[in-house]
Structures are given as C-alpha cells and as structure tokens.
**Q** 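For reference, the structure I am asking about is given below.
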2 protein chains.
Amino acid sequence: MSNFVFRKFQSLGNFSADDEARLNASMQRVERIRPHTDLVQEGVHARYLNIVLEGWACRYKHLEDGRRQIIALFVPGDMCDPCVFTLDAMSHIIGTLTPVTLGRIAEKDMLEITRTSPSLSKAFWLEMLVSAEIQREWTVNLGRRTALERLAHLFCELLLRMRAVGLTKGCECDLPITQADLGDVLGLSPVHVNRTLQEIRAMGLVEVRGKRLVVHDEPALQALGLFNPNYLHLLPSPSQKG
Amino acid sequence: MSNFVFRKFQSLGNFSADDEARLNASMQRVERIRPHTDLVQEGVHARYLNIVLEGWACRYKHLEDGRRQIIALFVPGDMCDPCVFTLDAMSHIIGTLTPVTLGRIAEKDMLEITRTSPSLSKAFWLEMLVSAEIQREWTVNLGRRTALERLAHLFCELLLRMRAVGLTKGCECDLPITQADLGDVLGLSPVHVNRTLQEIRAMGLVEVRGKRLVVHDEPALQALGLFNPNYLHLLPSPSQKG
DNA sequence: CGATAGGTTGAGTCGCATCAACCGGGGTGG
DNA sequence: CCACCCCGGTTGATGCGACTCAACCTATCG
C-alpha cells in the first residue's frame with residue numbers, strides 16, 4: 001500500500017498491520033484512468049468504494065444548460081463515496097481531473113470489512129463525517145466569501161489535506177488541475193480565476209507555477225481566506241514537515 | 001407523536017408501531033424554544049439528537065467579520081444532526097429561526113436504538129444521506145445559479161420537503177422566516193432577496209404572503225430553478241395532496 | 001510543423017451589494 | 001387606550017465585483 005494511503009488511515013484512528021492486510025487483500029488496483037473520465041454515472045447504483053491512490057478526482061453536477069459545479073475534490077487517500085451504497089441512485093457524477101489510479105473495494109467486501117473490523121469501519125465513518133464538514137464549509141465559501149477569499153480558503157484547505165497525507169514539501173504541494181476546473185470549484189469564471197490568481201500572487205501569499213502550489217505566507221493566507229481549520233478535524237499533527 | 005413526524009419516519013422505510021413506541025419512550029419534548037436561539041454551541045460535543053417537531057431551525061456558520069451563511073434548514077420532522085455523535089466538536093451552530101419545539105433523544109438512547117432496531121437505524125442513516133445530498137445541491141445552488149434561479153430552486157425544494165411530511169395544502173405551505181434569513185440561505189443581501197421575490201411574483205410563479213409560500217405554477221418554477229427532485233430521494237409519493 | 005488546450009489580457013456589461021431613507025404593523029409602556 | 005418603538009419589508013441611487021466576449025499568447029504533443 002502506498003505510504004500516503006497508509007497515513008490517511010492512520011489519521012483516521014488506530015490502524016493495525018492486520019487492517020492494512022485486509023484492505024490490501026480486498027482492494028483492486030485500477031491503473032491510470034485518463035483525465036476527465038467519469039467513474040460513476042449519474043443515476044447508477046454504486047458498486048464499489050473507490051479510493052484515490054494517484055491523481056485528483058472530483059464529484060460534480062451539471063445544470064441542463066451546461067453550467068458545472070465541482071462539489072468535492074478528491075486527492076490521494078480520499079474515498080470518493082464512503083457512504084453511497086445504501087442510496088438507490090446517485091444524483092451526481094464522480095470523474096477524474098488528472099490521470100488517476102484507484103483502489104477499488106467491492107460492495108460485498110465493504111460490508112464484510114465494516115462488519116468485522118471496528119477500526120476500519122470507524123475510519124470509513126470518520127472519513128464520511130469529515131467530508132460532510134468540508135461540504136458545509138464549501139457552502140459557506142460559495143455563499144459568503146469573495147473570489148479572493150474563496151481562493152485563499154481553498155488553498156489553505158488543500159495544503160492541510162495534502163499535508164495530512166504527507167504529500168507536501170513544507171508549504172508546497174501539487175495542484176494538478178486547470179484554472180477552468182478551479183473555477184468550477186469556486187463558482188467563478190476561468191477568466192476571473194486567472195485574475196484572482198494574479199492578485200493573490202501580487203500580495204506575496206501564494207504562487208502557482210507548473211501545477212505546483214507554493215504558499216509563501218500561510219498565516220496571512222489563512223487570515224485572507226477567513227480560514228479556520230477546525231472543520232477538517234485533523235489530529236494535532238505529529239509532523240508538519242510532510 | 002405528531003402525525004407529520006410519523007410520516008417522516010414512514011417515508012424513511014418500514015416504520016412499525018413498535019418503532020413508534022420506542023421513539024416516543026426515549027424522546028423528551030422541549031417546548032417552545034424562542035426564535036433565534038442557539039441550540040448547540042460551536043465546538044461543543046453534541047449530547048442529544050434533536051428532531052424538530054414544530055417550527056423551523058437551521059445550521060449556520062459565522063465568519064469573523066459577521067457574515068453569516070445558513071447551511072441547512074430544518075423543517076418539522078427533520079433531524080438536526082443524525083450523525084454528529086462521533087465527532088469531537090462541531091464547527092457550526094444549530095439555532096432556531098422561529099419558535100421551535102424539539103424532540104430530544106439522549107446519546108445513550110440513540111446508541112441503544114440503533115443497536116437494537118434495524119428499521120430505525122436505517123431511518124437515521126437515510127436521513128443523514130439525504131441531508132448530505134441536499135447539502136451538495138445547495139453547493140451547486142450557490143456556485144452556479146443566479147439569484148432568481150436560487151430562489152426558485154429553494155422554493156421547489158421546500159415545497160417537496162414540506163409535502164413529504166404532509167405539511168402542504170396543495171401548492172401552499174408555511175414559510176415562517178424573514179427575508180434576511182432567506183438571504184443567509186441563498187448567499188444574497190436582504191435587499192436583493194426582496195427584489196428577487198418581487199420578480200418571481202411578477203412572473204406569476206410564486207407568491208409569499210403572510211409567512212405562507214404559495215406556488216402558482218410548480219412546473220414552471222422547477223424549470224426556472226433548473227430543479228431536478230432526484231437528489232431528495234423521495235419515495236414515489238402516495239398522496240400529493242398533502 | 002501545425003493543431004490544440006490552457007493561460008493571459010482588454011473592453012464592455014450586468015448582477016448584486018451597499019447605503020440610506022421610508023413605510024407599515026404588532027407589541028409595549030405610559 | 002393611545003403613542004411610541006422597533007423590526008421587517010420596500011424603494012431608490014450608486015458602485016463594484018465578476019461575467020462575457022474576443023483576441024492573442026504559449027507550451028505541449030502528435
């Protein structure tokens with residue numbers, strides 16, 4: 001199992017070697033899915049739990065006239081739908097943003113795992129609650145923050161999430177998505193994303209170069225984005241270095 | 001138990017007389033909480049599951065500078081936090097919008113109920129999944145719909161949710177909240193809510209008078225709001241008459 | 001070497017916010 | 001019982017933030 005997925009589960013509670021073995025045994029690897037591919041179709045009952053192992057994916061919805069809103073971002077270690085099994089059909093789509101490698105767990109294995117491993121089912125449960133918390137925070141982001149604040153807030157969140165799975169180097173991490181995708185996350189037009197990126201860089205807080213996010217002043221960025229990390233329910237980080 | 005709460009649980013699956021008795025036994029009634037009162041403080045571990053029996057409540061967050069976003073609306077029959085027990089602390093506040101009567105179930109009773117009654121725990125689980133679906137749809141609403149569309153969409157949702165618990169008369173239901181509260185739901189200023197209400201009324205779709213919502217043309221309202229009811233996961237309604 | 005996707009820039013417009021004043025009704029205190 | 005107050009709603013004027021359209025630039029890839 002990749003190191004950062006291991007970290008992810010560790011961050012969700014006690015995670016034993018036995019748990020790891022069980023996960024590995026039931027996880028089927030699906031390599032290098034192309035970017036901008038839909039994994040799960042709207043209106044279809046989910047048959048697998050998908051864990052992102054490499055690359056970024058998202059949950060999104062389309063309006064009839066083509067407008068698109070990305071509802072959630074999935075970075076390595078994230079589970080795309082820890083809770084979707086019981087609903088008859090999904091009202092959203094899960095798709096890749098970059099080339100993605102998935103770990104896939106069939107529904108019956110999931111049921112078996114949650115029935116027999118308290119630590120793993122607690123991990124799935126926590127993952128679900130935290131993703132709901134993120135969803136709520138995004139609601140606030142879209143409803144009450146300006147473009148500049150939204151961008152700052154998103155960058156703060158992503159940096160912390162990437163750090164939690166050990167995918168940062170100091171205040172730097174991958175940001176492998178386009179400005180248009182960022183716009184669909186933030187409810188902004190691609191043009192305005194571009195200008196807002198320039199503005200935030202001119203303030204000396206953040207730079208985006210070559211699909212990398214480089215945060216120069218994290219406290220100031222958090223202040224700008226009115227960012228309070230509580231909603232991520234991160235453990236007091238044992239190592240900030242990533 | 002009030003008729004509409006009964007309906008609510010029926011709409012969430014098979015709900016026996018025995019289930020009803022168990023709920024009644026462990027539910028403590030809290031009468032007439034004042035409007036604009038916080039039920040659960042931010043950063044405090046929840047000790048109860050709250051079910052709204054009368055009135056409307058909401059989940060909201062504040063930004064440091066006073067901006068406020070309502071993240072969820074709770075109408076009679078809704079559970080304020082079916083899933084919050086396992087998280088250490090909440091990053092949001094639950095408060096009343098109108099005078100509210102709650103049914104309150106202590107944490108230990110909840111654990112007991114979910115452990116021993118499959119039908120009730122399935123109901124709680126479903127309620128949680130649907131509320132997550134609503135949250136996602138609101139994210140789209142704030143990110144990608146105009147003020148007029150947002151309002152139309154919200155009204156469509158509220159009408160269906162109220163109908164599901166039998167609190168509509170045809171295409172009419174209570175709407176006991178202020179325009180300022182609507183603004184905090186929709187990410188709009190109170191002034192703009194007012195103007196948008198006038199606009200939607202001038203179109204002949206909806207009227208709001210005396211804390212009542214009156215929908216004149218539900219299909220047209222759904223079209224305007226780009227509304228697709230799938231996300232509510234309502235059962236094929238046995239009776240539309242409310 | 002051309003095609004194409006992503007990024008950048010400018011001009012013009014519009015949706016929504018803000019500020020401020022005013023109205024109307026229900027509750028309260030004198 | 002009346003006067004007042006205050007909250008919620010309404011209206012107008014003005015400004016700004018973000019969108020749209022359109023052109024152009026740049027890097028990558030076949």
Side-chain angles (χ1 to χ4, degrees), chain A residues 34-37 56 63 65-70 96-99 141-154 174-203 206-213 224-225, chain B residues 34-37 56 63 65-70 96-99 141-154 174-203 206-213 224-225:
Chain A
R34 296 170 158 277
H36 300 108
T37 307
W56 287 31
L63 301 189
D65 62 0
R67 277 174 284 177
R68 172 180 186 244
Q69 177 68 41
I70 291 178
T96 61
L97 294 170
T98 71
N141 216 19
L142 292 168
R144 288 302 184 196
R145 272 183 267 251
T146 66
L148 189 63
E149 292 163 352
R150 280 182 222 176
L151 193 62
H153 190 278
L154 178 68
D174 280 343
L175 185 72
I177 65 179
T178 67
Q179 293 182 2
D181 289 333
L182 270 181
D184 286 341
V185 168
L186 298 171
L188 299 172
S189 70
V191 173
H192 200 63
V193 168
N194 183 285
R195 291 194 231 264
T196 309
L197 279 168
Q198 291 177 39
E199 191 180 351
I200 210 170
R201 185 170 106 226
M203 296 172 75
V206 166
E207 226 166 328
V208 175
R209 34 165 203 252
K211 302 293 176 199
R212 293 280 291 175
L213 174 71
L224 175 63
Chain B
R34 298 171 157 276
H36 301 106
T37 308
W56 288 31
L63 300 188
D65 63 0
R67 278 174 283 179
R68 173 181 186 242
Q69 177 68 41
I70 291 178
T96 60
L97 294 171
T98 70
N141 215 19
L142 291 168
R144 286 305 183 194
R145 274 184 266 251
T146 67
L148 190 61
E149 293 163 351
R150 278 181 223 177
L151 193 61
H153 189 279
L154 178 68
D174 281 341
L175 185 73
I177 65 178
T178 67
Q179 294 182 2
D181 290 333
L182 271 180
D184 286 340
V185 168
L186 297 170
L188 299 172
S189 69
V191 173
H192 201 63
V193 168
N194 183 284
R195 292 193 231 263
T196 309
L197 279 169
Q198 292 177 39
E199 192 180 351
I200 212 171
R201 187 171 103 225
M203 297 171 76
V206 167
E207 225 166 328
V208 175
R209 34 165 202 252
K211 302 293 178 198
R212 293 281 292 176
L213 175 71
L224 175 62

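Below, chain A is the first sequence line, B the second, and so on; all start at residue 1. When reading the values below, keep in mind they use all heavy atoms of this one structure, side chains included, and skip hydrogens, waters and symmetry mates.
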**Q** List for me each residue that meets salt bridge (charged side-chain N to carboxylate O under 4.0 Å, His left out) alongside A:Arg67, sequence neighbours excluded, and say none if there are none.
**A**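 By the salt bridge (charged side-chain N to carboxylate O under 4.0 Å, His left out) rule, A:Arg67 matches A:Asp65, B:Glu149.
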**Q** At what angle, to 10 degrees, do the two end axes of the helix from C:dC1-D:dG30 to C:dG30-D:dC1 meet, given five pairs define each axis?
**A**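 Angle reported: 30°, given to the nearest ten degrees.
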**Q** Report the distance from atom CG of A:Leu175 to atom C1' of C:dG6, rounded to the nearest whole Å.
**A**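 In whole Å, C:dG6 C1' and A:Leu175 CG are 14 Å from each other.
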**Q** Considering residues at least two apart in sequence or located in another chain, which fulfil the salt bridge (charged side-chain N to carboxylate O under 4.0 Å, His left out) criterion with B:Glu199?
**A**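 If we apply the salt bridge (charged side-chain N to carboxylate O under 4.0 Å, His left out) test to B:Glu199, skipping adjacent residues, there are no hits.
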**Q** Just how far, in rounded Å, is P of C:dG6 from CD1 of A:Ile177?
**A**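 In whole Å, C:dG6 P and A:Ile177 CD1 are 12 Å from each other.
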**Q** With B:Leu186, which of B:Asp181, B:Ile70, B:Thr196, B:Asn141 fulfils side chain to side chain contact (heavy atoms under 4.5 Å, CB included)?
**A**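 Looking at B:Asp181, B:Ile70, B:Thr196, B:Asn141, the match for B:Leu186 under the side chain to side chain contact (heavy atoms under 4.5 Å, CB included) is B:Asn141.
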**Q** Just by modelled atom types, is the B:Gly225 backbone N or O under 3.5 Å from a matching donor or acceptor in the B:Arg150 side chain?
**A**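 Between the backbone of B:Gly225 and the side chain of B:Arg150 there is no qualifying donor-acceptor contact (under 3.5 Å).
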**Q** Who pairs with B:Arg145 by salt bridge (charged side-chain N to carboxylate O under 4.0 Å, His left out), at least two apart in sequence or on another chain?
**A**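 Salt bridge (charged side-chain N to carboxylate O under 4.0 Å, His left out) check on B:Arg145 returns B:Glu137.
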**Q** Which letters describe nucleotides 9-16 of chain C, given B = protein heavy atom under 4.0 Å from base, S = only from sugar-phosphate, - = neither?
**A** BBB----B
**Q** Using a 6.0 Å cut-off, check whether atom CZ of A:Arg68 has over 12 heavy atoms from anything other than its own residue.
**A**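 Yes - once you tally the heavy atoms of other residues, nucleotides and ligands closer than 6.0 Å, there are more than 12.
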**Q** Is there a donor-acceptor contact under 3.5 Å from the side chain of A:Thr98 to the main chain of A:Pro35?
**A**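 No; zero donor-acceptor contacts below 3.5 Å.
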**Q** At a heavy-atom distance below 4.0 Å, which nucleotide of DNA chain D is the first touched by chain B, and which is the last?
**A**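 On DNA chain D, the outermost contacted nucleotides are D:dG9 to D:dA13.
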**Q** Does A:Arg144 or A:Pro190 map to a spot on DNA chain C nearer the 5' end, using the closest nucleotide for each?
**A**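 Counting from the 5' end, the first nearest nucleotide belongs to A:Pro190.
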**Q** Looking only at atom types and distance, does a side-chain atom of A:Thr96 sit under 3.5 Å from a main-chain N or O of A:Thr37, one as donor and one as acceptor?
**A**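 The answer is yes, because a donor-acceptor pair under 3.5 Å joins these two groups.
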**Q** Any donor and acceptor pair, going by atom type alone, linking the side chain of B:Arg212 with main-chain N or O of B:Pro176 inside 3.5 Å?
**A**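 Answer holds: no.
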**Q** Does some side-chain heavy atom of B:Leu142 sit less than 4.5 Å from a side-chain heavy atom of B:Gln69?
**A**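 Heavy-atom side-chain distance check passes, below 4.5 Å.
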